Each structure stands twice: as C-alpha cells, then as structure tokens.
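Read through the structure below, which is laid out as structure tokens, and then see the notes.
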Amino acid sequence: MIRMTEPSKITAVPDHQPAAGGIAARARASVGPKYLSGLNPEQREAVETLDGPVLVLAGAGTGKTRVLTTRIAHILSQGRARPAEILSVTFTNKAAREMKHRLGQMLGHAVEGMPWLGTFHSIGGRILRFHAELAQLKSNFTVLDVDDQVRLLKQLLQAENIDDKRWPARMLAGLIDGWKNRGLMPSQVPSGEAAIFANGKGGKLYASYQERLKILNAADFGDLLLENIRIFREHPDIVRQYQQRFKYILVDEYQDTNVAQYLWLRLLSQAPSSGSSLPGLTRQSVASSQDGSPGLDASRRPGDDQDNALPIPGAEKVHVKNICCVGDDDQSIYGWRGAEVDNILRFEHDFPGAKVIRLERNYRSTGHILAAASHLIAHNEGRLGKTLRTEDHDGEKVTVTGSWDSEEEARGIGEEIEQLQRQGEKLNEIAILVRASYQMREFEDRFVTLGLPYRVIGGPRFYERAEIRDALAYLRVINSPADDLAFERIVNTPKRGLGDATVQMLHDHARKRRIPLFEAARAVVETDELKPKARGSLRDLVTQFDRWRAQREVTAHTDLAQIVLDESGYTEMWQKDRSADAAGRLENLKELVRSMEEFENLQGFLEHISLVMDREGGAEDDAVSLMTLHSAKGLEFDNVFLPGWEEGLFPSQRTLDEQGRAGLEEERRLGHVGLTRARRRAKIYFATNRRIHGTWSTTIPSRFLDELPAANVEITESKGGSGWGGSGGYGASRFDDMEAFGSSYSTPGWQRAQANRNRGGQGGGGRGGFEEETASFSTSASPDFGSFSSRRRGPLTIEGELVAKSTGTTSEFALDDRVFHQKFGYGRVTKIDGNKLTIAFDKAGEKKVVDSFVQRA
DNA sequence: GACATCTGGGTTTTT
DNA sequence: CCCAGATGTC
C-alpha cells in the first residue's frame, strides 16, 4: 500500500479513531444489510450517519456516488423516509440519471418513486410551477435559455437607446446571471455593481428584464432557484410545507454550489418546527487565505451584505435536519461561474454540529498517478485537506513530454495512441483532456488523417442546436401564444419574406396594444399596412398555427410535432440544404420527435426539454474521447493524455489576470482533476511553440510541472527528437521563487526545458517560420531525423507519413471524384496516395483523409 | 429582403 | 486563423 505523506494543510476535523471505528464497523458489517457489504469503514459511516448534518469529503475516485446511492437505499430500507420524502440534488442530468440507475440496481427495481431526485434547476422549476402565481407566472411558463435571454436583453437595450456595441447584451446577461447566482433580486444588487453597466442603468435594466419575463410568461435558469428563494422567504407556510416533506436532503458536488443554491438548501434544510432565522447565513468572512486579488474579491463579496439581511422571521434556535452534502474542495473548478468553494469550506460553520467524514481511499488510480495528483494539489492553501491513498500498485510513472510545437504534440500523441491500440488498449479507455477547446482541432485533424476514431465530448448540446431550437420554437408558439421570443425566432424560418421590417412593425403594433406578437400578427393581416406579399405569408402563418393548435386536441403530440415540421416547410428547408451538416440536422430533428414519446403531452415535454435534454450516446463505438478538463470531471479512463501544460494556456493567463491567486488555485485543481481521471496511465505534454489566434508564440512549460513529485514522474523525449529551439530574448521567470519539486530532474529533455524556462518570459514574439505545411512523418519509420531544422525543412517529411502509412492497395477513388465526408462535407479528390486521399472540400478547405471516411457523392 | 463582404474578438460550461 | 454578428449592396 502506498501512502502519500503529504500532510493535510488544514485539519479542521480530527481524525476518526481508526481502531474503535474499524472494529465497530467490522462488527456491524457482519450483520448489516447486503447493500452495506463491500463499503469501507468511512463509506459505511457516511451511509449510516443519518441524523444531523453530514459533510462527506470525497476525494477523486473514492466512491462518492456509491455512498450517495447507498445512503438513499439505507434510508429507504430502514423505513426512515419514503421515496418522495427524500430530496436529492445534483448539478447535471447525467449525474441524476446515474444515481437513479444505480439506485435501481441496488434496490432491484426502478425508482419510480423518487420524484425529488434531480438537478437543482429541475427541482427548482418543479417547485416554481406549483407556485407560479406567486411569481406572477402561469404554471406553463417557458424556461428561456441563454440565447433567448440575450435577445430579450437586446430588445431592452434598444428600447433604452443604449449602444449595444459598447454595452453588449451578452455582458448584461452575464451580470444578471451573476446576481441571480448570488441570490440577489433587482432591489438587492449593490448600487455600485448595478452601476457598472451602461452608466448606471444596469440595475434598472435588470428590473425591467424581470418585468418582461413575467409578461412573456417566462423564467430564465437563475429564476428557477431565485424565485423559489423569494417564495420561501415571503411565504413561511409554503417553505414549512417543503421542510416537512423532505425528511432527508442529499447534495452532490457541494463544492460547486453557488450562493443561491446554498440559500435554497438552507431554507429547505431547517427542521419544520422552527420557523426560524438561520445562523450561518451571515456569510462574513471565512478565512480567505486564497483570495489574493482584492479587485475581484471586492466584486465577489458584496452580495454578502445582502445575505445578512435575509428577511426570515422567527426564533433564534435552529434545527437543521438531515442534510448530507458530498463534495471535494479539490475538485471545485467552477468558481468562474459563481460556484463558491467557500460553501464547502464553511460547512461546519453553517451547519453547527456537522459531522465531517473523509473518504480518502482511492479505488481508481495507480500509486504514481495518485501521488502526482496529490502532490500537485498540495500546493493549494485554501483547502480542507485530504490524503488520498491507494492500495493499487505503483504502476507506470506519469510522463512529461515536451515537443517543439502543438503539431508535433498532436502527432506524438497520435502515435502513442496507435501504439496503445497495438497493445490491445480499447480506444474507449483513452481520453485527451485539454484546457481550452481550441486545442481540440489539431487533434481532430490529426485523427482524421490517421483514420483514428474519436468523439468530442461537450461542445454544443443537443437542445442548443439551431434546428432543435427552431423546432422547439414552433412548439412553444403553439403551446404559449404569448411566447414572443419563440415567435420571432421562427417567423421567417424557413424564409417566408417576413424580414426585419415586418417584425419591427409587428413589435410596434404589439407594444401599442399590449398584446403578444402573435396576436399583433393576427390583427395586422386584417389591415393593409403590409405589402401584399408579406401580408399573404403572415396570414398563412397565422392560419397554420390556428390549425395546429386545433389539431393539438386530437393528435398525439409526437405526430403533431412531425406535422408542424413538415407543414411549416422546416423539414424541407434542411432537405434542400446541401451543406455538410444538413443530414445530421435532419437526424437531430427525428431524434427530437422520438424523444417526445417519453412525455405525456406537449406541455410536459416543453416543461422539461430545456432542463433535462442533453445529448447522449455514441458510446457504443470504440473511439478516443476528446474533451476539456472541465467536462472530464466525473469521468475516468485507463489512459489519459494531458496536452498543453504551458504557462498562459494552463494555467490560463486570463484566469490568473482576473482572479489572481484564487484563479491559480482553481487552475491547479483543474490539473488535479485531469490527473485523477486516469486509472493506469497519465501523460502530460507541453509544447514550446503554440499558435494562438493565428500567431505563433513561444511558450514556457507550466509551473505545475515543477510541482509534480520527481519520484513519480518520468521525463520523456518527444518522439522524433530534439524539442526546444529556444529563440532567446526572455526575461527572468516569475516562478523562480516557487518551490521546485522537479529541480532534481536530470534528463536532457528536462534540463533543456528548465533552461528554456529560466530564460522565459511572456512569449513575446517568437513567430518562428512554421508556415510550411505540416511535416507529417512517422517517427518509427524515420529513426534518423536528427535536428528539428532538418525535419522542418526537408520536403520529404511531408510525404514520410503517407508513404509509411499507405496500405499499398489502390484506392477505389479516382482523381476529381466528387466525395462526401461526415465532418467536412462535400469535396473533390485532388490527390491519391494508397488509401489516403487529399480532398479539396467546398467548405473545409484541403484535407488529407483516409478513404474509408468518405463516400462518393 | 436576401446575399456578400467586413470587422472584431477570441477560456473553461450547466441548467 | 476562424467564426459570428453587423453592415453594405443589389
């Protein structure tokens, strides 16, 4: 067994007595229910401590989900509560689904009766629908997504004559979102903050935005919780009702909660008997050792004053009931969108008498990987401190590999993946985790060339796709005629000759009479204010909607959706579209209609679509996963590649600039998350030159590399040779004074990296002459590429890889063939080399691809 | 009103 | 460099 020797930085909680606890646990284990067997003593304690507040600090890979689901099973089987009396919140639908699934397995039947297991937003939305009238909404209100929000704000800005170039709607949306995340209603926004937008109009805009939402019978994501909080505060009888209902509360990923979610939980977690105020709602100052940036600090904290003023009447005495929060402060990576690590750091203070349980036994990674991750995260100061340990063997060391530039990095990783594949590794067990999504393209290009199957995780979600949003807009207008945003979205989609001018006049008309756009349209077609052509198509549209609404009564909602898509000409619009992704979009539309079957009716579907629709699937095929570090949280792979560990990219310069020390610590946690995704192999990369926004710049290795423990890390040479060209002209490193764990590294590569780093400063000009086309060669086939420059300039290198990789068989394609590629669309074959084709794509430009990836068009 | 050209801006992402 | 939004032209 390997034990990390890193001492806990903060030990707010004494260690539990291993002897006594262990014996007691073992004694119980022999008689306990079946679902408890196989839990280690800490996990078991987390499951069995049912009374009072519990914080489970669950490090990466320590069986967090298992504890949560077992705890629910335990509560149920002990008869402590019925399924409908347990509130269990997660952040993502995926996590909620996973819990439901595992619970079903554990209990041996599907968990139909857990209506309150879901995401914060879906549960908040559910509660809000019950009390919609208290928020001046109807229970069929629409949930707006960011796009709708921004368009609405744009309209408000126009109405106020504010230049939306100088004051972009998107920025205002971000501000409002931030306020809502902090639980602030328009009247509670600190005046200083409200004033920063549009010369003091920010607060007023927030207020009028809220008014507009009510008129549109709509709520945004933030409202789903904020309106809950307001209703709870203003109606003690209602909050009491929920407090009584929820006998147990479980929270997943507590480190990611924001202030609003925290307040919401506080309100629900009080014992119903006390209609009391909440101590601990005073959020002043927990130690803020990690807050190094005063400016940011000031902007993050002002909400606190507001929190102090919570208008909750009643006695002092508080009974907090059985709330169990599970989280890992070391995996808090969403501070930039309002998550408050403080929530978890302050748990014991907020919930007096809380029991804190640490899960420190890692069941995922090998010794070296865990040691590297632990050592890295130990550099953070603001943490509760955990000491992860594993009983697994040491395994392979974490590797650090430097390359000349990002192309070489991608090439090297591609080769290593092929190597792993030859060793029998499943591609599904290989992931590349990047800091920023622009890093992905280089890998995609490379994989396409190699013919290596891959999938990108994350990216635009299903319901964010234009075609889905369009289809939904049609259905929204049918369901809710007051939904102006939806109407506006589809009024001229597909093109009907109803452009800006027409819409503008509908707006005027609607505003004058205070009616929705749709009704305005109905009225306007009776007049001759529009040109005959526009008038005709608008009349047709109104008639169509009337007909669809009538059909709704007698037609299944899935059929109706299909009818609407067909009759509106929307399907046809994509059928006619010759672009590469049209086929995929039609497929998505089919998928949308199919997914409607799970819902009772149109109303039910629309209520949930914006909250629970996420893309899934595609996991059947064996493919390498490509994603950001953020979207990797919660996942694990045998083999994890971590490219781009360079100053500026990772840690991200922008985070450092904006959030200072706290930002650096969050970046470091991101590194920790990345490493702990790996079960057996973790491979880190950095490049000396990287192209950012089109220009090449020279970079220096990430300071995080210095923070890895030398004993668990192996420095390897970049495949294909000498790494660093170091073109001089640097200033002193900012990090010379940082503790350098890696200073004892002795391989040539590392020394060169160090030498380069110590000369390093901010990239500055290194615009090397890399304009030449990618030198794609296969190292294994070309052992003697000596120096970088000889590789770079030699024309043969371009052919090297193609020759090496060619199958030798003649391609079934001929020059000038018209072909279609899933990703790049249509194109023409310009060159053939064995099974590798060079294709000039209509949209995507010239690419080299393997012939099996294209078909004749 | 529809299409072409231009400019500016560019982490991370859930709901 | 590459995309989205905004402006300009027919």
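Below, all heavy atoms of this structure are taken into account, side chains as well, without hydrogens, waters or symmetry copies. Here is how names work: the chains are called A, B, and so on, in the same order as the sequence lines, proteins then strands, and each is numbered from 1. The structure presented is a predicted model; accordingly, all values stated were derived computationally and were not measured.
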Do [X] and [Y] meet the criterion of a side-chain donor-acceptor pair at a distance under 3.5 Å?
{"X": "A:Lys180", "Y": "A:Gln210", "answer": "yes"}
{"X": "A:Tyr254", "Y": "A:Asp328", "answer": "no"}
{"X": "A:His608", "Y": "A:Glu598", "answer": "no"}
{"X": "A:Glu160", "Y": "A:Gln155", "answer": "no"}
{"X": "A:Asn380", "Y": "A:Asp330", "answer": "no"}

Practice prompt. Measure centre to centre between the rings of A:His121 and A:Phe91, then say whether the value is under 6.0 Å.
Written response: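 No, the ring centres sit 6.0 Å or more apart.
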
Practice prompt. Sequence neighbours left out, what passes salt bridge (Lys or Arg N to Asp or Glu O under 4.0 Å) with A:Arg170? Give chain and number order.
Written response: none

Worksheet item: Are A:Arg435 and A:Glu667 within salt-bridge range, i.e. N to O under 4.0 Å?
Response: yes

Worksheet item: Are any of the side-chain nitrogens in A:Arg337 or A:Asp256 under 4.0 Å away from the carboxylate oxygens of its partner?
Response: no

OP1, OP2 of [N] versus side-chain N and O of [X]: anything below 4.0 Å?
{"X": "A:Thr502", "N": "B:dG1", "result": "yes"}
{"X": "A:Ser437", "N": "B:dT12", "result": "yes"}
{"X": "A:Ser122", "N": "B:dT15", "result": "no"}

Between [atom2] on [N] and [atom1] on [X], what's the gap in Å once rounded to a whole number?
{"X": "A:Arg691", "N": "C:dC1", "atom1": "CZ", "atom2": "C1'", "value": "7 Å"}
{"X": "A:Ile176", "N": "B:dT15", "atom1": "CD1", "atom2": "P", "value": "22 Å"}
{"X": "A:Arg654", "N": "B:dG9", "atom1": "CZ", "atom2": "C1'", "value": "10 Å"}
{"X": "A:Phe141", "N": "B:dT15", "atom1": "CZ", "atom2": "C1'", "value": "13 Å"}
{"X": "A:Arg126", "N": "B:dT15", "atom1": "CZ", "atom2": "C1'", "value": "17 Å"}
{"X": "A:Asn93", "N": "B:dT13", "atom1": "CG", "atom2": "C1'", "value": "14 Å"}
{"X": "A:Arg337", "N": "B:dT12", "atom1": "CZ", "atom2": "C1'", "value": "9 Å"}
{"X": "A:Gln149", "N": "B:dT15", "atom1": "CD", "atom2": "C1'", "value": "11 Å"}

Answer with base, sugar-phosphate or nothing: what part of the nucleic acid does [X] contact at a heavy-atom distance below 4.0 Å?
{"X": "A:Ala501", "result": "sugar-phosphate"}
{"X": "A:Thr119", "result": "sugar-phosphate"}
{"X": "A:Tyr334", "result": "sugar-phosphate"}
{"X": "A:Val143", "result": "nothing"}
{"X": "A:Asp500", "result": "sugar-phosphate"}
{"X": "A:Glu667", "result": "base"}

Worksheet item: Can you find a heavy atom in the side chain of A:Glu607 that is under 4.5 Å from one in the side chain of A:Arg129?
Response: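 Touching, per the 4.5 Å side-chain cut-off.
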
N/O-N/O pairs, protein side and nucleotides 2-4 of chain B side, under 3.5 Å:
{"unit_1": "B:dA2", "atom_1": "OP2", "unit_2": "A:Asn492", "atom_2": "ND2", "d": "3.3"}

Worksheet entry | Closest nucleotide among B:dT13, B:dT12, B:dT15 to the A:Thr92 side chain |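 Side chain of A:Thr92 sits closest to B:dT15.
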
Fill in: Sugar-phosphate or base contact per nucleotide [nucleotides 2-10 of chain C; S, B, -; heavy atom under 4.0 Å]
S---S----

Item to complete: For A:Gly222 and for A:Ile333, find the nucleotide of DNA chain B with the closest heavy atom, then tell me which residue's nucleotide is more 5'.
Response: A:Ile333

Worksheet item: Taking atom C1' in both B:dT12 and C:dG5, what distance in whole Å separates the two?
Response: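 One C1' to the other, the span is 23 Å.
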
Discussion item. Between the base of B:dG10 and the ring of A:His693 - centre-to-centre under 5.5 Å, planes within under 30° - is that a stack?
Written reply: yes

Worksheet item: Under 5.5 Å between ring centres and under 30° between planes: true for A:Trp336 and the base of B:dT12?
Response: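 Check passed, A:Trp336 stacks on base of B:dT12.
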
Worksheet item: Distance under 6.0 Å and angle within 45° of the ring axis: does A:Arg703 meet both against A:Trp645?
Response: no

